[in-house]
Amino acid sequence: MKPDNSSARPIEMEQARQQLEAWRGTHRPRCRIPDTLWARAAELASQHGLYLTARTLRLDYMRLKKRVQSSSPERKAAELPAFVELMAATAVRIPECVVELEGAGRRMRIQMKGMATAELVGLSRMVWVDKE
């Protein structure tokens, strides 16, 4: 039997272990661990390492790893771009076209020559206003 190394563990790790053991004592096996306990475990893992935390708290290593990665602020900041450049569509001219719009009991037919596609979208929005 291995000796108990509870004196070598950080005090907050030992407190979290005791909280988890108390929770496990009042709940049936395979019951979901509350998010507050997972959040505490993820915080400890980011400070003291995944392996030590998972082993001490008797948690699944991969689930704890996912929690740590999803809660780390530098990862969230890296996922969201600070600036997104939107490129304007090139003005494509249509030699001739007929647009038919139909809906809500109404019908509209537009026949155009030499109009850009962006102008066509703007025109259809301006003319075809929903009256409801």
Side-chain angles (χ1 to χ4, degrees):
M1 181 182 249
K2 292 184 179 180
D4 185 25
N5 291 338
S6 62
S7 61
R9 293 183 197 132
I11 187 85
E12 61 268 8
M13 182 87 69
E14 185 60 28
Q15 290 170 346
R17 188 190 68 75
Q18 289 173 359
Q19 285 178 329
L20 262 169
E21 290 305 319
W23 181 85
R24 285 179 177 130
T26 59
H27 292 78
R28 61 189 162 95
R30 302 259 182 216
C31 192
R32 282 188 67 173
I33 297 173
D35 288 337
T36 55
L37 294 176
W38 273 115
R40 180 73 178 128
E43 179 184 320
L44 289 169
S46 64
Q47 294 172 2
H48 303 289
L50 279 167
Y51 177 75
L52 177 66
T53 306
R55 186 169 155 238
T56 303
L57 302 181
R58 295 188 311 130
L59 294 172
D60 181 79
Y61 178 89
M62 292 309 291
R63 286 187 185 169
L64 182 59
K65 184 177 179 179
K66 286 179 184 176
R67 295 271 181 156
V68 169
Q69 288 174 342
S70 68
S71 68
S72 95
E74 61 273 357
R75 175 150 177 133
K76 287 181 182 177
E79 289 174 358
L80 299 174
F83 175 77
V84 177
E85 181 179 3
L86 301 175
M87 301 298 292
T90 57
V92 177
R93 296 257 176 221
I94 302 171
E96 183 176 349
C97 76
V98 175
V99 178
E100 293 183 2
L101 303 170
E102 186 175 333
R106 298 177 289 172
R107 179 182 283 171
M108 180 189 320
R109 179 183 165 103
I110 304 172
Q111 186 171 356
M112 298 169 286
K113 291 184 181 179
M115 182 176 257
T117 53
E119 294 169 338
L120 174 62
V121 171
L123 177 66
S124 63
R125 285 185 180 155
M126 189 171 59
V127 173
W128 195 264
V129 178
D130 193 15
K131 303 288 184 194
E132 295 174 25

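Please read all numbers here as calculations on a predicted model, not as lab measurements.
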**Q** So, taking the atom named NZ in K65 and the one named CG in L59, what distance separates them when rounded to the nearest 0.5 Å?
**A** 15.5 Å

**Q** Please report the shortest heavy-atom distance between Y61 and Y51, naming the atom on each side.
**A**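 Minimum heavy-atom contact is CE1-N, 3.8 Å.
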
**Q** Can you tell me how far the CG atom of L57 sits from the CD atom of E14, to the nearest 0.5 Å?
**A** 9.5 Å

**Q** Roughly how far, to the nearest 0.5 Å, is CG of L64 from CZ of R55?
**A**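 Spacing of CZ (R55) from CG (L64) equals 14.5 Å.
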
**Q** More than 12 foreign heavy atoms under 6.0 Å from CZ of R63: is that the case here?
**A** no

**Q** Under 4.5 Å between side-chain heavy atoms, hopping through other hydrophobics if needed: is there a path connecting V98 to M108?
**A** no

**Q** Could you pull out every donor-acceptor pair under 3.5 Å between side chains of residues 32-44 and any protein atom, sequence neighbours left out?
**A**
residue : atom : partner : partner atom : Å
D35     : OD1  : R67     : NH1          : 3.4
R40     : NH1  : E43     : OE2          : 3.0

**Q** Tell me, please, which residues at least two apart from E96 pass salt bridge (charged side-chain N to carboxylate O under 4.0 Å, His left out).
**A**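 None.
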
**Q** Examine distances only and state if a side-chain atom of T56 and a backbone atom of T53 form a donor-acceptor pair shorter than 3.5 Å.
**A**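 Here the side-chain-to-backbone pair does not exist.
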
**Q** At what distance, to the nearest 0.5 angstrom, does CD of Q111 lie from SG of C97?
**A**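 Q111 CD to C97 SG: 8.5 Å, rounded to 0.5 Å.
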
**Q** Passes side chain to side chain contact (heavy atoms under 4.5 Å, CB included), Q47 versus M13? Steps please.
**A** CA-CA 10 Å; Q47 294 172 2; M13 182 87 69; over 6 Å; no

**Q** Quick check: is M62 connected to L20 through a chain of hydrophobic side chains (ILVMFWY, heavy atoms under 4.5 Å apart)?
**A** yes

